[in-house]
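Down below is the structure, laid out as structure tokens.
Source: prediction; values computed, not measured. Numbers here are sequence positions counted from 1.
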Amino acid sequence: MNNFLFVAAENDALENCKAGGMGDVVRDVPRQISERGDKVHVVVPAYSRLHHGGLPRTTLNFTLRGLTYTAELYEVKPKKEFPNIFHYVLHHPEIEAGDIAHIYHNDPEEPFYTDAIKYIIFCTAVAEAIKQGAFGEVDIVHLHDWHSSLLLFLREYHPEYTNLKDIRIVYSIHNLAIQGIRPFDGNYSSVRNWFPNVPLDYQKLMDHRYQDCINLMAVGIRFADAVHTVSPSYKEDVLKPSSPPEFIGGEALEKDLQKADEEGRLFGILNGCNYKNINKEKKGNIYRNTVKALFMWLQEESKKYKADFLAHTGEKIMAFVDERPKFIASSVARLTEQKFYFFMRSPEAFVEILKRLEKVDGIFMLLGTGAPEYEELFRKLSYQHKNFIFTNGQSEKLIDSMYLESDLYFMPSLFEPCGISQMLAMRNGNPCLVHHTGGLKDTVEHMKTGFSFDGDTYDEKITNMLETFDVALDVFANDKPTWKKIQAAARRKRFTWQKSVDEYYTLLYQLD
């Protein structure tokens with residue numbers, strides 16, 4: 001029996017421990033490993049909240065800033081139990097909940113300042129726990145994004161943790177654009193402050209653009225035994241330099257990724273989607289679930305400043321309860337540049353989409369929270385257009401209803417490492433309209449399982465997005481056999497975790 005340790009910032013196997021797709025991966029991959037008869041320990045930070053009600057397992061003492069730090073490791077109950085999977089959280093008072101999903105901090109003045117501090121403490125505590133045998137004898141450590149890459153820094157440089165050299169460590173890139181860049185020196189949140197006595201090789205650790213800084217995403221790519229992007233097409237994308245907004249590629253790390261590829265350490269493996277034990281909403285609940293979510297948010301202190309907008313959204317929804325629209329386009333995503341850059345830069349294109357929907361008695365439903373300027377844009381557009389329903393919050397039931405009851409799922413991502421939303425929509429026979437990039441290329445085929453647009457220039461992309469939207473509306477209205485064929489093909493598609501984890505075992509873990 002192989003013994004795995006997953007180290008990440010999110011884990012959707014636990015209640016309230018997810019901000020994005022990484023949480024799904026950290027939930028689903030251990031279940032596949034367990035089905036193969038192997039053992040998995042999954043550890044995430046407690047964020048000053050997830051340890052409540054947990055079982056204290058061990059106290060960890062380690063040195064940071066020349067001082068002794070003490071953290072507690074708790075075993076916690078997951079939402080669903082599976083054999084040979086053990087879930088842990090690490091508690092230390094400085095590992096606090098952030099303002100994004102009660103996980104990440106958003107420090108506009110100094111990006112990554114607070115997160116770097118809490119993940120330095122977290123990773124050092126994990127290294128100490130491995131050393132003490134808290135997870136048994138570990139064969140494979142699987143790290144996810146920059147939040148956990150410091151374990152590779154410790155393996156490479158820290159005299160206390162040379163034991164990590166005996167363990168195979170693999171690294172998954174979920175979002176290359178977020179890199180965890182911090183100064184080497186001269187700052188409370190700098191490497192020198194936390195590791196004053198650890199000898200550093202600045203050349204091997206530095207960011208190519210900001211040479212007085214460490215790049216923690218780069219640390220993962222440079223020092224892991226295997227590096228993994230979450231789709232094959234995204235692997236091809238990141239080997240090329242970015243040229244925004246037409247093309248988002250390696251985000252200044254393409255040389256590191258090219259080197260990993262040359263050394264046979266870089267692999268593109270498509271994320272899977274869960275097709276078992278899934279929560280199923282009843283058809284016909286989409287407006288009811290919207291209203292329920294709105295009433296719940298109205299009572300939340302943090303949403304009080306949005307009360308007027310929530311009431312406005314409720315009033316619009318009630319109109320559709322009596323008179324149902326003939327077509328629903330929808331989108332569920334964090335409101336960020338990655339997901340909605342096209343709409344932010346060209347709001348007139350989004351207005352065009354709404355006008356075209358109006359002609360066919362259609363509506364656009366968007367659910368999400370995120371960057372304030374994106375929330376503001378969509379709230380403004382909602383006040384202006386009666387067929388645009390913007391639900392500015394998070395609700396699992398409403399999300400499930402949207403995947404189930406929409407006619408067309410819209411995913412115009414600027415770049416997409418893999419994407420899970422399109423898989424969840426397709427699982428319900430909901431055709432997707434996507435930008436032909438990254439993992440969306442690997443999952444949606446134009447006019448076969450959905451619709452896709454591209455272009456050599458930004459203007460071409462916008463023109464083609466609107467033309468492709470017209471094609472989708474035309475097929476829906478005038479060619480029902482083709483529409484039904486696309487729906488059926490989308491529903492039949494299977495992006496299974498079993499297939500993905502077979503590749504993990506062969507390529508990343510080297511166990512087959």
Side-chain angles (χ1 to χ4, degrees), residues 19-20 99-101 106 108 245 286-287 289-298 300 302-320 325 327-358 362-399 401-403 405-416 419 421-422 425 432-435 458 461-462 465-466 469:
D99 51 346
I100 299 171
N106 180 25
I286 190 164
Y287 306 116
N289 284 340
T290 306
V291 172
K292 273 186 183 171
L294 290 167
F295 276 118
M296 186 181 71
W297 296 328
L298 274 165
E300 281 181 22
S302 63
K303 299 275 196 298
K304 287 279 157 71
Y305 75 101
K306 291 178 188 158
D308 173 67
F309 178 71
L310 294 168
H312 148 83
T313 309
E315 187 185 10
K316 284 168 83 165
I317 274 292
M318 292 315 290
F320 299 120
F327 189 92
I328 302 175
S330 72
S331 240
V332 174
R334 273 200 65 70
L335 308 178
T336 59
E337 186 174 273
Q338 179 199 344
K339 301 292 184 180
F340 293 112
Y341 175 82
F342 294 135
F343 292 171
M344 175 58 87
R345 179 164 159 187
S346 305
E348 70 285 354
F350 184 58
V351 170
E352 262 312 308
I353 286 166
L354 296 176
K355 283 181 185 166
R356 288 164 199 210
L357 281 168
E358 206 170 359
I363 65 172
F364 196 111
M365 296 184 79
L366 168 64
L367 179 145
T369 58
E373 65 275 22
Y374 279 80
E375 291 195 354
E376 210 172 293
L377 169 74
F378 290 125
R379 283 203 294 270
K380 186 177 148 205
L381 288 166
S382 176
Y383 280 120
Q384 291 168 352
H385 300 273
K386 67 174 194 288
N387 68 335
F388 177 40
I389 307 293
F390 173 40
T391 37
N392 192 191
Q394 291 297 336
S395 160
E396 288 300 321
K397 278 179 169 299
L398 177 51
I399 290 169
S401 285
M402 286 169 73
Y403 285 136
E405 297 191 51
S406 299
D407 297 296
L408 182 71
Y409 188 80
F410 210 126
M411 203 161 168
S413 309
L414 186 58
F415 65 95
E416 194 57 72
S421 296
Q422 81 279 19
C432 300
L433 195 162
V434 303
H435 181 207
Y458 177 82
K461 285 178 194 285
I462 293 295
M465 177 175 78
L466 292 174
F469 190 72

Partners meeting side chain to side chain contact (heavy atoms under 4.5 Å, CB included) with Glu348 (sequence neighbours left out):
Ser346

Compare every heavy atom of Arg345 with every heavy atom of Pro245, then report the nearest pair and how far apart it is.
CG-NH1, 3.1 Å

Roughly how far, to the nearest 0.5 Å, is CG of Leu335 from CD of Glu376?
12.5 Å

Sequence neighbours left out, what passes side chain to side chain donor-acceptor pair (under 3.5 Å) with Tyr374? Give chain and number order.
none

Give me each pair satisfying salt bridge (Lys or Arg N to Asp or Glu O under 4.0 Å) with a member in residues 364-373, each pair once, sequence neighbours excluded.
none

Looking only at heavy atoms, what is the nearest atom pair of Lys461 and Phe342, with distance?
CD-CZ, 4.0 Å

So Phe364 and Phe390, do their side chains get closer than 4.5 Å, heavy atoms only?
no

Using 0.5 Å steps for rounding, measure from the CZ atom of Arg379 to the CG atom of Asn392.
5.0 Å

Are any of the side-chain heavy atoms of Asn387 and Pro325 separated by less than 4.5 Å?
no

Got a sec, which residues hit salt bridge (charged side-chain N to carboxylate O under 4.0 Å, His left out) with Glu396, two or more places apart in sequence or on another chain?
none

Please name all residues satisfying ring-ring contact (aromatic ring centres under 6.0 Å, His included) with Phe343, sequence neighbours left out, ordered by chain then number.
Phe340, Phe350, Phe410

Would you check if Tyr403 and Ser421 make a side-chain contact, meaning some heavy-atom pair closer than 4.5 Å?
yes

With sequence neighbours left out, write down each residue that passes salt bridge (charged side-chain N to carboxylate O under 4.0 Å, His left out) with Glu405, or none if nothing qualifies.
none

Could you tell me whether the side chain of Ile286 reaches within less than 4.5 Å of the side chain of Met365, counting heavy atoms only?
yes

Let's go through Ile363 and Leu357 carefully: what are the C-alpha distance in whole Å and the side-chain angles of both, what is the deciding distance for side-chain contact (heavy atoms from CB on, under 4.5 Å) to 0.1 Å, and is it a yes or a no?
CA-CA 6 Å; Ile363 65 172; Leu357 281 168; 6.0 Å; no

Show which side-chain atoms of residues 313-320 pair as donor or acceptor with protein atoms under 3.5 Å away, not counting sequence neighbours.
from	atom 1	to	atom 2	distance (Å)
Thr313	OG1	Phe309	O	2.8
Lys316	NZ	Ser382	O	2.6
Lys316	NZ	Ser382	OG	3.1
Lys316	NZ	His385	O	2.8
Lys316	NZ	Phe388	O	2.6

Just to verify, what does Lys397 make a salt bridge (charged side-chain N to carboxylate O under 4.0 Å, His left out) with, not counting sequence neighbours?
Glu281

Can you check whether Glu416 reaches Val434 side chain to side chain, under 4.5 Å on heavy atoms?
no

cation_pi(Arg356, Phe469) dist<6.0 Å, angle<=45
no

Identify, with sequence neighbours excluded, every residue that meets side chain to side chain contact (heavy atoms under 4.5 Å, CB included) alongside Arg334.
Ile100, Thr336, Thr369

Side chains of Phe327 and Leu408: does their closest heavy-atom pair fall under 4.5 Å?
yes

Using side chain to side chain contact (heavy atoms under 4.5 Å, CB included) as the criterion, list what pairs up with Lys386, not counting sequence neighbours.
Glu358

Kindly write out the residues that satisfy side chain to side chain contact (heavy atoms under 4.5 Å, CB included) with Leu367, not counting sequence neighbours, or none if the list is empty.
Val332, Thr391, Gln394, Leu398, Ile399, Met402

How would you list, by chain and number, every residue that makes a side chain to side chain donor-acceptor pair (under 3.5 Å) with Tyr287, sequence neighbours excluded?
none

